[in-house]
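Inspection log for the structure reproduced underneath, given as structure tokens.
Just follow the structure's listing: the first ligand is 1, and inside any ligand the first atom is 1.
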Amino acid sequence: MAFDAEAIRADFPILSRQVHGKPLVYLDSAASAQKPRAVIEAMSRAMEYSYANVHRGLHTLANETTDAYEAARRKAAAFIGAAETEVVFTKGGTEAINLVAAGIGASLQAGDEIVVSEMEHHANIVPWHFLRERKGVVLKWARVTDRGDLDLEHFQSLLGPKTKVVALSHMSNVLGTINPAQDLARMAHEVGAIVLFDGCQSIVHKPIDVKAIDADFYVFSGHKLYGPTGIGILYGKAERLAALPPYQGGGEMIGTVSQDEITYADPPHRFEAGTPPILEAIGLGAAIDWLSGLDRIAIAAHEKALYDRVREGLAGANWLRVIGDTPEKGAILSFTVDGAHAHDVAQILDRYGVAVRAGTHCAEPLMKRFGVTSSARASFALYNTEDEADAFVQALTKAQAFFA
Ligand code: PMP
């Protein structure tokens, strides 16, 4: 049965609002998704009924909150096929990658190589650049083809005995390209490298099994997965997490502390210094429960059908340049309009109630690769409808007329 987006919209209070007197058409979910009532209510309920700091108390509210926090960890683990001890709560995808890079970086030497790709988000570039600056490691950049695929032959040619880390996006936030994670992990492991996937986009659009992929690390954020901001997941294979030094110090990440010595807690708590994002973890757990009750394959098909509908609607638009055109992609449309700055396009679309993103999308190397300084981006989520896809096509066609 086809996925019923109209019915699901009732779960999202914000979607009934208007913008500039027009119904909101929210096509910016790749930046951050809207929140279903289940998430909003789970967080409010915790604050209204059962809230305290976790792990420290002997009183009822502390115990209940700790149970809810750890239950969220189990939900996140089950969602990606991991053990619960392999799931670390972070404040987002960015922090998760920084945590891994800082930890691995401690044992890298000058001349060691890290392979990234031209399609990475800055979150999966800058932490590795730190290691280039601070440790003298060498960054190698896998190319992206004109169609927006990762150039697998070129990627393979970069791998060798010096490759210590391969850090790649599972799905590009600009191109929508979904990379063959399992193959990439196998190739990386053949040369003994550690492989990290940035799953911030893919987690939303595909069921993920980190064991089937054989990822050493897999990271994603809560806020794109219909959960709250301020929460992310770092999955690490048990032996990989065990080998990582702590990232931040304080709070519950210790074993014991004395004036002369310190021991650390086992993962995952070793990486959760200070009061963690408790409410946000509970909210993410609720988002995962909510999403798990839906047919995720049907959702992906629904989103792709909206993307295809928009492409068809704009088929005759000779003023449009689409960036990222591989068939192996999720429902993200990045584009430029001839003669127009992407920011102006986005601002005009906003007058029609249509929310899209414009800029470099935190992917400046990719913008350079495609010879543009910025692009606009429409991203489709489970709550978008065919009417909204059509409204976007109409609004964009009208916006274009301003620049013709
Ligand atoms: N990687 C990708 C591919 C992303 O799209 C984003 C979010 N824009 C991030 C990383 C950063 O994640 P977060 O917002 O959770 O820090």
May I have the N/O to N/O pairs between ligand 1 and the protein that fall below 3.5 Å, each with atom names and distance to one decimal?
unit_1, atom_1, unit_2, atom_2, d
ligand 1, 1 (N), D198, OD1, 3.2
ligand 1, 1 (N), D198, OD2, 2.6
ligand 1, 5 (O), Q201, NE2, 2.7
ligand 1, 8 (N), H121, NE2, 3.1
ligand 1, 8 (N), K224, NZ, 2.7
ligand 1, 14 (O), H223, NE2, 2.9
ligand 1, 15 (O), G93, N, 2.8
ligand 1, 15 (O), S221, OG, 3.1
ligand 1, 16 (O), T94, N, 3.0
ligand 1, 16 (O), T94, OG1, 2.5

Not counting sequence neighbours, which residues clear side-chain hydrogen bond (donor to acceptor under 3.5 Å, both in side chains) with S379? List them please. none
The side-chain hydrogen bond (donor to acceptor under 3.5 Å, both in side chains) partners of R147 (sequence neighbours excluded) come to D149
For H341, give me all partners under ring-ring contact (aromatic ring centres under 6.0 Å, His included), at least two apart in sequence or on another chain. H343
Answer with yes or no whether the side chains of H55 and E70 bring together a donor and an acceptor at under 3.5 Å. yes
Quick one: sort the F197 and Y218 rings into parallel, tilted or perpendicular, breaks at 30° and 60°. tilted
Should the pair Y383 and Y26 be assigned to parallel (<30°), tilted (30 to 60°) or perpendicular (>60°) ring geometry? tilted
